[in-house]
Amino acid sequence: MPELPEVETVKRGLEKLVITKVIKAIDNDNPKSFPNDPHAVQQFAIGSSIVSVSRRAKVLLIGLSTDYTLMVHLRMTGQLVYVGSERWGAGHPNESLVNALPDKSTHVMIEFSDGSHLYFNDQRKFGWVKLLPTALVPQDPFMQKVGPEPLEPEFSDEVFINRIRRRKGTSVKAAILDQTVLAGVGNIYADESLWGANIHPSAIVGDLTDTQLRLLKKEIVYVLKLSIEKGGSTDRNYVDAEGKKGNYIDFARVFRREGLDCPRCSTIIEKSRVAGRGTHTCPSCQKK
DNA sequence: CACTTGACCTGTCCGC
DNA sequence: TGCGGACAGGTCAAGT
């Protein structure tokens with residue numbers, strides 16, 4: 001589920017909600033969701049306070065006062081939801097979810113000393129919460145190989161073109177989904193940005209011009225920024241740190257709009273399969 | 001090496 | 001209504 005804009009939205013929410021909170025207890029029901037040595041958890045997490053929340057690619061990093069970090073990947077269906085000690089008042093945008101937590105998909109539960117909680121929910125159990133020394137975060141194999149952050153200034157046209165051209169034999173959709181090319185694009189923003197650039201997802205990278213790739217890079221940055229403004233995309237499971245849904249999907253041009261009109265030319269949007277993923281295109285705007 | 005496919009899980013939806 | 005199969009936003013290991 002969550003791609004860069006969703007993880008960024010969770011990060012911004014958590015930053016406001018959990019900094020300075022002291023961890024009183026952590027429970028989990030599944031070692032895949034919480035693959036940590038209980039002794040390390042006891043020694044370096046329990047009793048520590050949260051000093052920072054940051055994001056790299058689709059990974060959330062919750063910094064602790066012990067110089068350890070809780071590294072969180074939401075994968076497909078993960079949620080990280082904060083619930084205050086008095087819950088949320090009536091009228092909360094997602095009252096039914098928040099007030100029902102924990103539920104059967106809650107796999108990690110962090111209790112703070114003030115009685116509030118942070119719940120890690122994950123229907124499909126692909127996500128995880130790992131505790132490790134902060135100094136070792138950069139040594140993580142994924143962190144070692146992940147590409148540049150698309151919303152940082154160093155993500156220039158040259159950087160993007162050089163990196164994506166390493167994948168010259170593959171489809172452009174597979175290339176932008178490749179986290180070593182750039183960080184944070186998933187299926188939604190791949191389809192949305194390719195539509196924006198008038199490029200067919202199955203086009204081979206080696207057949208695209210630098211002009212097309214520059215436009216694609218611009219569209220990737222555009223859709224990611226727009227989605228952050230809208231609080232991300234809720235297609236199924238995604239919610240932010242307060243349990244609220246995102247609104248980008250209302251602004252999507254092709255994603256999940258098969259059978260509807262292309263907003264640019266009114267041709268009916270099609271759904272197909274590219275790079276093993278459900279793929280949405282306008283057959284008129286995005287010629288093969 | 002470059003690239004593609006299947007696996008990891010659970011839930012939901014669609015066709016018979 | 002029940003059942004089987006396909007599919008769902010990510011990543012990695014194993015295969016070609």
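From a predicted model like this one, the values you see are computed outputs, not experimental measurements. In the text below, chain A, chain B and the rest are named by the order of the sequence lines, each starting its count at 1.
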Nearest to the side chain of [X], which nucleotide is it out of [options]?
{"X": "Q179(A)", "options": "dT11(C), dA8(C), dC9(B)", "result": "dT11(C)"}
{"X": "K271(A)", "options": "dA8(C), dT4(B), dC9(B)", "result": "dA8(C)"}
{"X": "Q123(A)", "options": "dT10(B), dC8(B), dG10(C)", "result": "dT10(B)"}
{"X": "R167(A)", "options": "dC9(B), dT4(B), dT11(C)", "result": "dT4(B)"}
{"X": "R273(A)", "options": "dC7(C), dG11(B), dT11(C)", "result": "dC7(C)"}
{"X": "K125(A)", "options": "dA8(C), dG11(B), dT10(B)", "result": "dT10(B)"}

Hey, does the side chain of [X] come within less than 4.0 Å of [N]'s phosphate (OP1/OP2), counting only N and O?
{"X": "R277(A)", "N": "dG10(C)", "value": "yes"}
{"X": "K58(A)", "N": "dT11(C)", "value": "yes"}
{"X": "T170(A)", "N": "dT4(B)", "value": "yes"}
{"X": "K145(A)", "N": "dC12(C)", "value": "yes"}

Heavy atoms only, 4.0 Å cut-off, all strands: where does [X] land among base, sugar-phosphate and nothing?
{"X": "G278(A)", "result": "sugar-phosphate"}
{"X": "G276(A)", "result": "nothing"}
{"X": "F142(A)", "result": "sugar-phosphate"}
{"X": "N187(A)", "result": "sugar-phosphate"}

Check your understanding: Which base, if any, makes a Watson-Crick or G-U wobble pair with dC9(B), both distances under 3.5 Å?
Key ->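 Pairing partner, where one exists within any strand: none, as none qualifies.
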
Review point. Does D210(A) come within less than 4.0 Å of R165(A), counting only side-chain N to carboxylate O?
Key: yes

Between [N] atom [atom2] and [X] atom [atom1], what is the distance in whole Å?
{"X": "L177(A)", "N": "dA8(C)", "atom1": "CG", "atom2": "P", "result": "13 Å"}
{"X": "M143(A)", "N": "dC12(C)", "atom1": "CE", "atom2": "P", "result": "11 Å"}
{"X": "I188(A)", "N": "dA8(C)", "atom1": "CD1", "atom2": "P", "result": "12 Å"}
{"X": "N121(A)", "N": "dT10(B)", "atom1": "CG", "atom2": "P", "result": "15 Å"}

Exercise for review: Would you check if F126(A) stacks with the base of dC8(B), given a 5.5 Å centroid limit and a 30° plane limit, both strict?
Suggested key: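 Yes; centroid distance and tilt both under limits.
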
**Study point:** Nearest-Å distance once atom P is located in both dC1(B) and dT11(C)
**Key:** 22 Å

Point to revise | Same-atom distance (P) from dC3(C) to dC9(B), integer angstrom | key: 24 Å

Practice item. Begin with the C-alpha distance, continue with both residues' side-chain angles, and end with the deciding distance and a verdict on salt bridge (Lys or Arg N to Asp or Glu O under 4.0 Å) for D240(A) and K245(A). Key: CA-CA 6 Å; D240(A) 70 12; K245(A) 298 178 178 188; over 6 Å; no

Review point. Any N or O donor-acceptor pair linking the side chain of R166(A) to the base of dA2(B) at under 3.5 Å?
Key: no

**Study point:** Aromatic ring proximity F120(A)/H107(A), centre distance under 6.0 Å
**Key:** no

Exercise for review: Examine the side chains of S227(A) and Y189(A) and answer whether a donor and an acceptor come within less than 3.5 Å of each other.
Suggested key: yes

Review point. Nearest nucleotide by nearest heavy atom, which residue falls closer to the 5' end of DNA chain C, H73(A) or T279(A)?
Key: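 Nearest-nucleotide comparison on DNA chain C picks T279(A).
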
Review point. Between F155(A) and F160(A), what is the ring plane arrangement, given parallel below 30°, perpendicular above 60°, and tilted in between?
Key: perpendicular

Point to revise | Cationic tip of R257(A) above W195(A) ring, under 6.0 Å, 45° of axis | key: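 No cation-pi geometry.
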
